[in-house]
Structures are given as C-alpha cells and as structure tokens.
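Everything numeric in this text was worked out from a predicted model, so none of it was measured.
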Amino acid sequence: FPVTISATSSTTDFSSSATSVANNTQVWVRLAASLASATYNGATAAILTSTGATAVNVTTSASGNVVFDAQPTTQASSVTAGTPTGTTLPSLTCTGGNGARRAIFIAQTTSGNAAPVDGTAYTANAAFGTGSQIGSTGWYCVFDGTGTPSVTVTGLSTSLSYRVMAVEYNGSGATANYLTTTATGNPANFTTDNPTVLAAGDIALIELQSDDPDNFSFVTLADIKDGTTIYFTDNAWTGTALATTEGTLTWTATSFIPRGTVVSYDGSSVSSGTISGSNFALSFSGDNIFVYQGSSSTPTFIYGLSSLSWISTGNSSSNTSYLPFGLSNGTTARDFATEVDNNYFNGGTLTGNKATILASIGTQANWLRNDTVQANPTWSFTVKSDQTITFGALPSKTYGDASFGLSATASSGLSVSYVSSDTSVATVAGSTVTILKAGSTTITASQAGNASYNAAASVGQVLTVNPKALTGSFTVANKTYRDWE
C-alpha cells in the first residue's frame, strides 16, 4: 500500500497519508539525503496502533543515523616522489582534486586501489605500517590533510615495490565521504633501491676493545646505501665454516653512509644506523671480529681483525681463528703476534684511495695497543675514488687540413686536458688541435683529480700528419731541330 510521510517542520513532527493501512503496520522513516551532514538521533521505525483512525501521530526516538558530506567529484592525480632509497620514499606528493581534504595510502603491492570506508577516520603516520590501515588490506595511511601534500615515507624495505594512492574526501570522522576512483597517475608504483653489495676491503675495522665495554669501530671505504645490512661476529673461522659458539651482531644502515665515515659500537648502540644481536663478547684472552654479508653458512667476508695471530694448523677456538679465504692479511685483515686486550688504529688523518688507506690500516706499527682501555684516537678519512680516461685512436691527417676537436672522457665526469708532444707539428688549445706541418706528435689526455678523485693515468694517442701532395700544370711547345740557330 502506498504511504506518504513528509516533515511538517524542522522537528520530528511528520504528517502522512495512506490508503488501506492495517493496524500494527510498521512504517520506516528514512532521512533525506538533502539534510546537512551530521549524526541524527531518532528511530527508523514506528508502529501505527490506532484503530479506525484517519490520522496517527508517529514519534521516533532511536539514534545513530548519519548523513555523509557530499562526495568530491574530481580525484587527486599525478602521484610523484623523489628517487626512492633503500628504506624511504622522499617528497611524496600529488595534484589535489576538489575535495576539502585528501589522504594518501601506501601498500607493498603493484596492483589494486585504496578504498577507505566512508564515515571512518584514518590516522596518518609517515612511518610505513604505523598509520591507520584500511581494514586488513595492507593499505596504510601516510598523509591526511589539506593543501598540497609533501611527506617522506620511512620504514620501507629494500628492493620492494610499493603502490601509492591519493584519495579526495569531504567531511571528517563519521561524516567523511571518500572518492575512491582512480585518476591519471593515481595510483602510482615505486620500487625501493637495492642494498649495497660490498667487496673485501669496502669496510675496515679500526678498533677492537675486549675490556668492558666490548667496543669496536669501523670505517666505510665505499658508499653504503640505507637499508644495507652487515654482520659482525666474534665466531672463529674453522678453516671451512664459521663456528656457532659465539655471537653475531646485525648492523643496518638507516640512511646513506658516505665513504670515509667512522661508525663506533659502544657495547650497546652504534653511532650510525641500528644494531641488534646477542652473545657478542670479546675475550681478553684473544678474540677476532669478522665483517661479512650474506648468511653465516655462506658468508662474503669484508674484513677481519684478530688480537692474536691467525692460526695455520690445529683447531680454532673462542680465542683463535683461521683467516678466511678471500681476505688478505695486511690489506683486508690484520692480526697481531701477541695478545693485547685493546687495539686502536692510530693513523690520524688519512687521504687517499681505498688501497692506500687499507695498506695503512693493515700496518701493525700504525696501531695503539694497551691492556688498559684507551680513548679512541681522532680518526679522519678522506677516501678518493680512482678514475680512468677513455681516449680513442686519432685518424691520420694531411697538412693543410682544418683544425679538429678531441673527445676524451674521464669516468669521473671531470674535464680532460690535452698536450701535444711536438708543437711544431700540431698545437692544442682547449680540446682543439691545429695542424702546423707534416710529421707526427703524441696527444696526451690527462685528468688531475680533485677532492673526491685521484688523478687519472694519462692516455696518449699518436697523431700522424701526412705531407700534402703538390699539383701543377705545364704546356709543351713543338720545336724543330736547330730551331735555335
């Protein structure tokens, strides 16, 4: 049967008209969508109980009826960010739509969309996994606000893909109304960087202190990306494997670590990055530290330091160890003939390439050793990179040819200079060669280096200038014998 109910005022008074309304008929009352967004208290049903009445007063008295804000009509677009590192997504932003506010969600996936629930508030936190999650979908809120977002998301894992979606909405809390459609560039995928894979000598130990607290320090001789994990163990190398009777610490870079950085462990924390682990205890009767990546069963060793000599026969112990394959004593490892509890590299300020610095650290005479705990020396390392020059063979030229340019390059990207060995044959100004005569000369390309790069090995190429062929014409006149008489 048709029933019409209409509000007669802004209160809960209604009038209705109906035909063939039976007694005890349930009449549902629905809030109009045109109402202002809010939570309305009042029942959704009432019972008509009058018999034979032509008019009935209906009263409602329940609670919890909500009208959402109007949904936005234009979604945010163009989700962009800076270059991802191993654990962060910097400068995450988007172009806003026409919502009063916008929220950004991120999930460790490459597909799907964020679908926040209307009437739900989501708390944002830039640390991935700590903001509000949409149900159990894996989508976490990293931004919520007005205006143009700018947020650096942290807490990501290396070598993984993440999907980001910005969602426009109006209202707040119980009246929030989300627009969950996609738009150009929204959602967008990003992949975090790979961790640094280190080689032997990319890290060098410069302290082993076995008197409490058990300290060690290391210097980075290569740049280390954030998210890179490195292990430090005092387990011995048995000759074929790492022992398992002692401890291992796990160090993780939480930001980019430039080469030349000293990181110190004080027995409980580190000066850069994070560290965790147990059973790591350096013995004052002799001990070692090995630095490695990979697993303990298949380690890639980076450096080794022992307060006793590496053994060459017999069984290893909690005090003695073999030197693992891949490490070389004096360059990527250091041992000492007699045990002293506390050992500190005392090389002061060092500038050079990795090989130069490793050689200095690997020299026993450059170490301060004492059975009493000492203050760490002042360490300063400037690690220069090597560079190479690419300079191809020069084509032969002919005297009289026009000047021409040279195109050698340095792997560092720094500019290359040139010199001619015989300036009577050809001269060089900048990168332009001018030919002066036939002959040969060697053009040498050089790069002197700077604060970050060592000088490159010069590369010479021979320039051969060929003589120019002479050309001319002459006329032969006919003569008769004794025409001169």
To check you understand the geometry: which heavy-atom pair defines the closest contact between [X] and [Y], and what is its length?
X: C141; Y: F143; answer: SG-O, 3.4 Å
X: M165; Y: T181; answer: CE-O, 3.5 Å
X: G304; Y: L327; answer: N-CD1, 3.8 Å
X: V270; Y: V263; answer: CB-CG1, 4.3 Å
X: T192; Y: S157; answer: OG1-O, 2.6 Å
X: R334; Y: W367; answer: CG-NE1, 4.2 Å

Could you check if a side-chain atom of [X] sits within less than 4.5 angstrom of a side-chain atom of [Y], using non-hydrogen atoms only?
X: D193; Y: P84; value: no
X: I230; Y: V291; value: yes
X: P116; Y: T180; value: yes
X: F232; Y: Y292; value: no
X: T191; Y: L160; value: no
X: L242; Y: P299; value: yes
X: W379; Y: V219; value: no
X: Y344; Y: I206; value: no

[X]-[Y] aromatic ring centre distance below 6.0 Å:
X: F190; Y: Y162; result: no
X: F128; Y: W139; result: no
X: F216; Y: F280; result: yes

Donor-acceptor side-chain pairing of [X] and [Y] below 3.5 angstrom:
X: S458; Y: T444; answer: no
X: D226; Y: T254; answer: no
X: S268; Y: D266; answer: yes
X: D287; Y: S318; answer: no
X: D144; Y: Y169; answer: yes
X: T382; Y: R259; answer: no
X: S360; Y: N366; answer: yes
X: T88; Y: T85; answer: yes
X: T434; Y: S403; answer: yes
X: Y178; Y: E168; answer: no
X: N194; Y: S159; answer: yes
X: N186; Y: S77; answer: no

Could you grab the distance from atom [atom1] of [X] to atom [atom2] of [Y], nearest 0.5 Å is fine?
X: L89; Y: L156; atom1: CG; atom2: CG; answer: 6.5 Å
X: W237; Y: N288; atom1: CH2; atom2: CG; answer: 12.0 Å
X: D69; Y: Q71; atom1: CG; atom2: CD; answer: 11.0 Å
X: L249; Y: I275; atom1: CG; atom2: CD1; answer: 4.5 Å
X: I106; Y: L92; atom1: CD1; atom2: CG; answer: 7.0 Å
X: N343; Y: S210; atom1: CG; atom2: OG; answer: 7.0 Å

Run the numbers on F381 and I357 for side-chain contact (heavy atoms from CB on, under 4.5 Å), then give the verdict. CA-CA 8 Å; F381 298 91; I357 294 174; 3.9 Å; yes

Would you confirm whether [X], through its side chain, and [Y], through its main-chain N or O, come within 3.5 Å as a donor-acceptor pair?
X: T464; Y: S396; value: no
X: D234; Y: G247; value: yes
X: T196; Y: T228; value: no
X: Q447; Y: S417; value: no
X: R163; Y: A107; value: no
X: Q461; Y: I443; value: no
X: N342; Y: D211; value: yes
X: D371; Y: D341; value: yes
X: S306; Y: S309; value: no
X: Q293; Y: A199; value: no

Does the structure place the NZ or CZ of R369 under 6.0 Å from the centre of the six-membered ring of F336, at an angle of no more than 45° from the ring's axis? yes

Under 6.0 Å from the six-membered ring centre of F256 and within 45° of its axis: does the NZ or CZ of K225 meet both? no

Yes or no on side-chain hydrogen bond (donor to acceptor under 3.5 Å, both in side chains) for S317 and T320, after CA distance, side-chain angles and deciding distance? CA-CA 5 Å; S317 68; T320 60; 3.0 Å; yes

Would T250 and T229 count as a side-chain contact (heavy atoms from CB on, under 4.5 Å) here? Give the steps. CA-CA 7 Å; T250 302; T229 296; 3.5 Å; yes

Please identify which of these residues, L350, T363, L208, meets the side-chain contact (heavy atoms from CB on, under 4.5 Å) condition with F345.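 So the option named by the test is L350.
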
Which of D386, D202, D223 passes salt bridge (Lys or Arg N to Asp or Glu O under 4.0 Å) with K354? It is D202

So, applying ring-ring contact (aromatic ring centres under 6.0 Å, His included) with F218, which one of Y303, Y265, W251 is it?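 Answer to the ring-ring contact (aromatic ring centres under 6.0 Å, His included) test with F218 among Y303, Y265, W251: W251.
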
Could you walk me through whether V433 and L406 pass side-chain contact (heavy atoms from CB on, under 4.5 Å), step by step? CA-CA 7 Å; V433 177; L406 300 169; 3.7 Å; yes

Quick one: do N353 and V383 satisfy side-chain contact (heavy atoms from CB on, under 4.5 Å)? Show the steps, please. CA-CA 5 Å; N353 61 12; V383 187; 6.0 Å; no

